[in-house]
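By convention in this document, chain letters (A, B, ...) are assigned in the order of the sequence lines, proteins followed by strands, and residues within each chain are numbered from 1.
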Amino acid sequence: MILDQKFYQKDTLKVAQDLLGCFLVRKSASRRRNKIIKGMITETEAYIGKDDLACHASKGRTPRTEIMYGKAGHAYVYIVYGMYHCLNIVTEKKHFPAAVLIRAIKIDGVDYQKTNGPGKLCKFLKIDRKLNGWDMAKGERLYIEKPAQNFPKKNIVAGKRIGIDYAKHCKHYLWRFYI
DNA sequence: ACCCCGATCGTA
DNA sequence: ACGATCGGGGTT
């Protein structure tokens, strides 16, 4: 079952945890052939509102963060360190800037090392700025599926978010979740 | 127009 | 531990 807008339009911490065990699906055209890649989400991070100093929206509404103020379920794709892309899904209600970063996925038959980082998985799935703003609730090109059986909550570990030491007190928030 | 810095990754 | 590499956002 494809995750709909309602799924994403919830508390961001809940969405970040509920996404673990779900399958990120990427349909792309690769030289004539349609290719479908599915990977189980194993790590996420939450970025919530203007008060979260690690959230890009902490600087307010700007051209880049505009998408985070929009509808839940849309992709927020940006470039980090001038070289890599990061995939986020917008959460919460309109006008409240928040999103979940997909940090790692496991694809059957593919070395985990290829997809165990936000930049790596975007490279593998050919996700770039062209997909910024993409409605992931539509079930085309890029979307997320619910697993057959729900993932056991007990196996979820919470920790500090990666690479945001500049975020003062917010760097201590346990807003990173992984299996 | 310019400057600073980063939600990363591979190599050392 | 460090360099690659460039867009965004703030400042002049």
Side-chain angles (χ1 to χ4, degrees), chain A residues 3 7-22 24 26 37 39-92 95-107 110-134 136 142-144 156-179:
Chain A
L3 299 184
F7 176 93
Y8 300 110
Q9 194 168 340
K10 297 181 300 195
D11 175 76
T12 308
L13 294 177
K14 175 160 174 55
V15 176
Q17 291 168 81
D18 287 352
L19 280 176
L20 295 174
C22 292
L24 180 64
R26 174 74 171 124
I37 304 175
M40 188 180 73
I41 298 171
T42 58
E43 183 181 350
T44 60
E45 276 177 5
Y47 290 87
I48 311 173
K50 286 194 291 204
D51 296 336
D52 175 10
L53 296 179
C55 181
H56 290 164
S58 63
K59 296 194 173 79
R61 215 190 255 243
T62 67
R64 183 171 63 151
T65 61
E66 187 65 26
I67 188 72
M68 274 204 277
Y69 287 79
K71 269 205 296 191
H74 286 214
Y76 169 43
V77 182
Y78 68 92
I79 295 171
V80 258
Y81 299 107
M83 273 174 281
Y84 302 97
H85 295 270
C86 284
L87 170 66
N88 301 251
I89 302 114
V90 176
T91 57
E92 314 250 359
H95 303 124
F96 185 88
V100 171
L101 169 69
I102 307 298
R103 287 193 57 87
I105 61 174
K106 177 70 189 88
I107 302 169
V110 175
D111 186 354
Y112 189 49
Q113 296 299 115
K114 292 268 182 196
T115 56
N116 67 345
K120 291 197 233 178
L121 73 90
C122 280
K123 187 178 175 193
F124 193 89
L125 297 179
K126 295 191 169 61
I127 293 169
D128 60 26
R129 284 296 298 273
K130 291 198 286 287
L131 283 165
N132 189 42
W134 182 258
M136 297 182 64
L142 182 66
Y143 58 92
I144 300 176
I156 296 176
V157 184
K160 294 179 184 181
R161 293 174 293 177
I162 305 295
I164 53 140
D165 277 357
Y166 61 87
K168 302 192 177 154
H169 61 282
C170 300
K171 74 177 182 183
H172 303 300
Y173 296 172
L174 302 178
W175 287 0
R176 172 176 174 238
F177 304 97
Y178 56 97
I179 295 170

Neighbour count >12 (heavy atoms, 6.0 Å) for atom [atom1], [X]:
| X | atom1 | value |
| --- | --- | --- |
| A/Lys50 | NZ | no |
| A/Asp51 | CG | no |
| A/Lys10 | NZ | yes |

Could you tell me the separation between the [atom1] atom of [X] and the [atom2] atom of [N], rounded to a whole number of Å?
| X | N | atom1 | atom2 | value |
| --- | --- | --- | --- | --- |
| A/Leu121 | B/dA7 | CG | C1' | 12 Å |
| A/Ile67 | C/dG7 | CD1 | P | 20 Å |
| A/Lys160 | B/dA7 | NZ | P | 18 Å |
| A/Asp128 | C/dG7 | CG | P | 13 Å |
| A/Tyr78 | B/dA7 | OH | P | 6 Å |
| A/Ile79 | B/dC9 | CD1 | P | 14 Å |
| A/Tyr166 | C/dG10 | OH | P | 13 Å |
| A/His85 | C/dC6 | NE2 | P | 11 Å |

Worksheet item: Does A/His56 place a side-chain N or O at less than 4.0 Å from the phosphate oxygens OP1/OP2 of B/dA7?
Response: yes
Discussion item. Does C/dG8 have OP1 or OP2 under 4.0 Å away from a side-chain N or O of A/Thr62?
Written reply: no
Worksheet item: In dot-bracket, 5' to 3', how would DNA chain C read with Watson-Crick or G-U wobble pairs under 3.5 Å, [ ] for crossing ones and | for pairs to another strand?
Response: ||||.||||||.
Discussion item. Please compare A/Thr65 and A/Tyr81 by the position of their nearest nucleotide in DNA chain C and report the one closer to 5'.
Written reply: A/Tyr81
Worksheet entry | Selected nucleotide, minimal atom distance to A/Lys59 side chain, candidates B/dA7, C/dT5, C/dG9 | C/dG9
Discussion item. Which nucleotide wins on minimum distance to the side chain of A/Pro63, given the candidates B/dA7, C/dG9, C/dG7?
Written reply: C/dG9
Practice prompt. Under the side chain to side chain contact (heavy atoms under 4.5 Å, CB included) rule, what do A/Tyr84 and A/Ile79 come out as? Steps first, then yes or no, please.
Written response: CA-CA 5 Å; A/Tyr84 302 97; A/Ile79 295 171; over 6 Å; no
Worksheet item: Taking for each residue the nucleotide of DNA chain B with the nearest heavy atom, is it A/Gly82 or A/Asn116 whose nucleotide lies nearer the 5' end?
Response: A/Gly82
Can you list the residues that meet the salt bridge (charged side-chain N to carboxylate O under 4.0 Å, His left out) rule with [X], with sequence neighbours excluded?
| X | answer |
| --- | --- |
| A/Lys71 | none |
| A/Arg161 | A/Asp52 |
| A/Glu43 | A/Arg103, A/Arg176 |

Practice prompt. Could you walk me through whether A/Leu87 and A/Leu131 pass side chain to side chain contact (heavy atoms under 4.5 Å, CB included), step by step?
Written response: CA-CA 9 Å; A/Leu87 170 66; A/Leu131 283 165; over 6 Å; no
Pairs under 3.5 angstrom, nitrogen or oxygen only, protein versus nucleotides 10-12 of chain B, please.
unit_1 : atom_1 : unit_2   : atom_2 : d
B/dG10 : OP2    : A/Lys120 : NZ     : 3.4

Is [X] touching bases, backbone alone, or none of the nucleic acid, heavy atoms closer than 4.0 Å?
| X | result |
| --- | --- |
| A/Arg129 | sugar-phosphate |
| A/Arg64 | sugar-phosphate |
| A/Ile164 | sugar-phosphate |

Worksheet entry | Minimal non-hydrogen separation, A/Tyr166 against A/Ala54, with atom names | OH-O, 3.5 Å
Worksheet item: Hey, is the main chain of A/Thr12 close enough, under 3.5 Å, to the side chain of A/Thr91 for a donor-acceptor pair?
Response: no
Discussion item. Expected output is a numbered-order residue list: members of residues 41-54 of chain A with a heavy atom under 4.0 Å from any atom of DNA chain B. What is it?
Written reply: A/Tyr47, A/Ala54
Fill in: A/Val15, A/Leu24, A/Thr44, A/Leu19 screened by side chain to side chain contact (heavy atoms under 4.5 Å, CB included) with A/Ile89, the one that passes
A/Leu19
Worksheet item: Relative to each other, are the rings of A/Trp175 and A/Tyr173 parallel, tilted or perpendicular (30° and 60° limits)?
Response: tilted
